[in-house]
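Report on the structure given below.
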Amino acid sequence: MKKGLALLLGTLFLAGMLGGCGSETAVLSEMKTERYVIPGAYEGIEVSVPARIEVTEEMKTNYINYILQSSAQWVGAEEGAVAKMGDIARIDYEGRIDGELFQGGADQGFDLQLGSHTFIEGFEEGVVGMGIGETKDISIRFPDPYQPNPDLSGTPVVFTVTLNGIQTQQVPELTDEFVKTLDVGCETVAEYETYVQGLLEQEMDNTYTRNVEDVLVNRLLEGSEFKKDPPKEMVDQYYDRVIRNVTRIAATANMSLEVYVSRQGMEMEKFKEEAREGAVASCRESIMLQAIANAEKITVSQEEVDSVLAEEAAERGYESVEALKEDLALDHYEDYVMCDKVMEFLREHAVITEY
């Protein structure tokens with residue numbers, strides 16, 4: 001499996017994310033957890049994790065530069081400009097093999113982003129340095145093998161290319177005016193830099209906490225005795241949730257689930273198999289955490305649930321808590337809050353060393 005899809009599946013099964021705990025068919029707090037698991041020792045667990053990363057000026061600069069680059073606009077290149085990597089070159093081209101045009105080897109008004117590897121190696125590099133109105137012959141070879149058309153593998157080809165126009169990215173400057181457009185509650189560059197500092201510090205805190213919780217959960221799983229598999233209804237709901245989430249991610253890229261999974265280098269059958277295995281593992285974690293909650297009499301109030309959902313909705317940019325609920329399509333939000341409270345209990349009672 002490619003790293004991207006493996007990371008995605010791992011993220012969707014994290015016990016600490018909203019919707020990662022609990023099920024849509026049973027409330028964890030009402031389950032007889034002793035039928036499923038006997039948790040191991042959970043107080044004083046020794047864990048060793050990487051030290052929290054301190055935010056540096058370089059990190060702040062890189063983040064701000066990323067935001068600036070993300071806000072870049074495509075504009076027509078100035079007179080006298082030449083094409084460079086990253087530009088969009090509008091070209092006409094004709095490809096000839098032994099002096100003869102070949103099928104699919106010509107087009108007009110084609111917008112090619114240089115560096116995108118849309119064309120075979122050497123073509124885009126050949127367009128770099130051309131000026132608007134210039135015509136040039138680019139002599140290269142098809143790759144060997146060339147999967148789209150094996151008959152052309154290793155064949156020399158000459159492309160006659162005319163550059164008709166250049167679009168280049170114009171990156172905005174960091175000004176008070178630009179900061180106001182970001183809609184993050186900042187009016188000046190100084191305020192924004194302070195905001196970024198806090199944002200990155202929070203991310204470092206979150207990363208550190210996740211590292212601690214990952215180790216804690218793994219140690220608990222190793223030390224716990226699982227008597228039987230989680231309820232099928234619960235596993236099905238976890239599995240269905242992952243399928244829905246990945247389908248939604250695929251839709252944002254205008255792809256079906258099958259195409260998206262294939263693009264990640266994975267067979268659909270294998271994806272479903274790993275999704276179900278992850279669902280079983282996630283259910284076990286949830287039941288194990290509920291067993292600890294039962295032992296420690298950790299409960300959740302409606303006020304706590306409302307507070308957490310309001311915070312999640314604000315952080316995720318939802319207009320309201322109801323919009324968040326509709327998007328997540330979950331019941332029993334108290335299960336998530338319960339898991340969070342148990343993890344907080346485990347962190348407070350763990351022996352943590354850093355390296």
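- Shown here is Glu319, whose CD atom has no more than 12 heavy atoms of other residues, nucleotides or ligands within 6.0 Å.
- For the atom pair Leu221 CG and Met288 CE, the distance stands at 4.0 Å (nearest 0.5 Å).
- Separating the CD atom in Glu94 from the CG atom in Leu101 is a distance of 5.0 Å, to the nearest 0.5 Å.
- Looking at Lys227 and Arg35, their side chains never come closer than 4.5 Å, going by heavy atoms from C-beta outward.
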Kindly determine whether Lys180 and Thr188 satisfy side-chain hydrogen bond (donor to acceptor under 3.5 Å, both in side chains), including the steps that lead there.
-> CA-CA 7 Å; Lys180 293 174 184 176; Thr188 67; over 6 Å; no
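- Taking CG from Asp340 and CD from Glu304, the interatomic distance works out to 10.0 Å, rounded to the nearest 0.5 Å.
- Cluster annotation: Leu163 and Val75 are assigned to distinct hydrophobic clusters (Ile/Leu/Val/Met/Phe/Trp/Tyr, side-chain heavy-atom contacts under 4.5 Å, transitive).
- Counting only heavy atoms from C-beta outward, the side chains of Ile91 and Asp111 never approach each other to under 4.5 Å.
- Under the 6.0 Å distance and 45° angle rule, Arg96 does not count as a cation-pi partner of Phe102.
- Using a 4.5 Å heavy-atom threshold, the side chains of Glu124 and Ser116 count as touching.
- For the pair Thr247 (side chain) and Ile243 (backbone), a donor-acceptor distance under 3.5 Å is present.
- Using a 4.0 Å cut-off between a side-chain N of Lys or Arg and a carboxylate O of Asp or Glu, Glu57 and Lys60 qualify as a salt bridge.
- Glu78 meets the salt bridge (charged side-chain N to carboxylate O under 4.0 Å, His left out) test with no other residue; sequence neighbours excluded.
- In terms of modelled atom types and a separation under 3.5 Å, the side chain of Glu213 and the main chain of Arg210 share no donor-acceptor contact.
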Would Asn218 and Glu222 satisfy side-chain hydrogen bond (donor to acceptor under 3.5 Å, both in side chains), going step by step from the backbone distance to the final call?
-> CA-CA 6 Å; Asn218 286 334; Glu222 292 170 0; over 6 Å; no
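- Here the side chain of Thr207 pairs a donor or acceptor atom with the backbone of Glu203 at under 3.5 angstrom.
- Considering OG1 of Thr56 and CD of Gln197, their distance stands at 9.0 Å, rounded to 0.5 Å.
- With respect to the salt-bridge test (charged N to carboxylate O, under 4.0 angstrom), the residues Asp236 and Lys232 qualify.
- At distances below 3.5 Å, not a single donor-acceptor pair connects side-chain atoms of Ser307 with backbone N or O atoms of Glu303.
- For Glu269, the CD atom sits in a loose shell: 12 or fewer heavy atoms of surrounding residues, nucleotides or ligands are nearer than 6.0 Å.
- A side-chain contact (heavy atoms from CB on, under 4.5 Å) with Tyr36 is found for exactly one of Gln290, Lys228, Glu225, namely Lys228.
- Separation of the Phe271 and Tyr260 ring centroids does not fall under the 6.0 Å cut-off.
- When the shell of 6.0 Å around CD of Glu43 is examined, it contains more than 12 heavy atoms from other residues, nucleotides or ligands.
- Between Glu312 and Tyr336 the shortest side-chain heavy-atom distance falls below 4.5 Å.
- Through direct or relayed side-chain contacts under 4.5 Å between Ile, Leu, Val, Met, Phe, Trp and Tyr, Leu174 connects to Ile53, Val55, Met59, Tyr63, Ile64, Tyr66, Ile67, Leu68, Val171, Phe178, Val179, Leu182, Val184, Val189, Tyr192, Tyr195, Val196, Leu199, Leu200, Met204.
- Between Glu34 and Ile38, the closest side-chain pair of non-hydrogen atoms is not below 4.5 Å.
- Placement of Ile45 and Phe345 within a single hydrophobic cluster is found when ILVMFWY residues are connected by side-chain heavy-atom separations under 4.5 Å, directly or transitively.
- To the nearest 0.5 Å, atom NE2 of residue His349 and atom CD1 of residue Ile292 are 11.5 Å apart.
- Of the N and O atoms on the side chains of Asn294 and Thr33, at least one donor lies less than 3.5 Å from an acceptor on the other residue.
- By the criterion of side-chain heavy atoms lying less than 4.5 angstrom apart, applied directly or through intervening Ile, Leu, Val, Met, Phe, Trp or Tyr residues, Val158 is not grouped with Phe123; the two fall into different hydrophobic clusters.
- Within 6.0 Å of CD in Glu258 there are more than 12 heavy atoms belonging to other residues, nucleotides or ligands.
- For the pair Tyr42 and Leu220, the minimum side-chain heavy-atom distance is below 4.5 Å.
- Enclosure of atom CD in Glu134 by more than 12 non-hydrogen atoms of other residues, nucleotides or ligands within 6.0 angstrom is indicated.
- A 6.0 Å sphere centred on CZ of Arg52 holds more than 12 heavy atoms belonging to other residues, nucleotides or ligands.
- Val82 and Ile166 are assigned to two separate hydrophobic clusters, defined by single-linkage of ILVMFWY side chains at heavy-atom distances under 4.5 Å.
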Report the C-alpha distance between Met234 and Ile287 in whole Å, list the side-chain angles of each, state the deciding distance to 0.1 Å, and finish with yes or no for side chain to side chain contact (heavy atoms under 4.5 Å, CB included).
-> CA-CA 10 Å; Met234 188 178 186; Ile287 296 172; 4.0 Å; yes
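- Other residues, nucleotides and ligands contribute only 12 or fewer heavy atoms inside 6.0 Å of the CD atom of Gln108.
- No donor-acceptor distance shorter than 3.5 angstrom exists from the side chain of Ser282 to the backbone of Ala279, with no hydrogens or angles considered.
- Judged by distance alone, the side chain of Lys341 and the main-chain N or O of Thr299 form a donor-acceptor pair under 3.5 Å.
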Test side chain to side chain contact (heavy atoms under 4.5 Å, CB included) on Glu274 and Lys270 and set out the steps.
-> CA-CA 6 Å; Glu274 295 205 6; Lys270 182 65 175 176; 3.1 Å; yes
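- When side chains are defined from C-beta on, Ile97 does not count as touching Pro156, because their heavy atoms never get closer than 4.5 Å.
- Between Gln167 and Asp87 the shortest side-chain heavy-atom distance does not fall below 4.5 Å.
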Contacts table for residues 136-150: side-chain donor-acceptor under 3.5 angstrom, sequence neighbours left out:
from	atom 1	to	atom 2	distance (Å)
Lys136	NZ	Gly126	O	2.7
Asp137	OD1	Thr160	OG1	2.7
Arg141	NH1	Gly154	O	2.9
Asn149	OD1	Asp151	N	3.2

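- Hydrophobic clustering (side-chain heavy atoms under 4.5 Å, transitive across Ile, Leu, Val, Met, Phe, Trp, Tyr) groups Met255 together with Met266.
- Judged purely by atom type and a 3.5 angstrom limit, Arg219 uses its side chain to pair as donor or acceptor with the backbone of Glu46.
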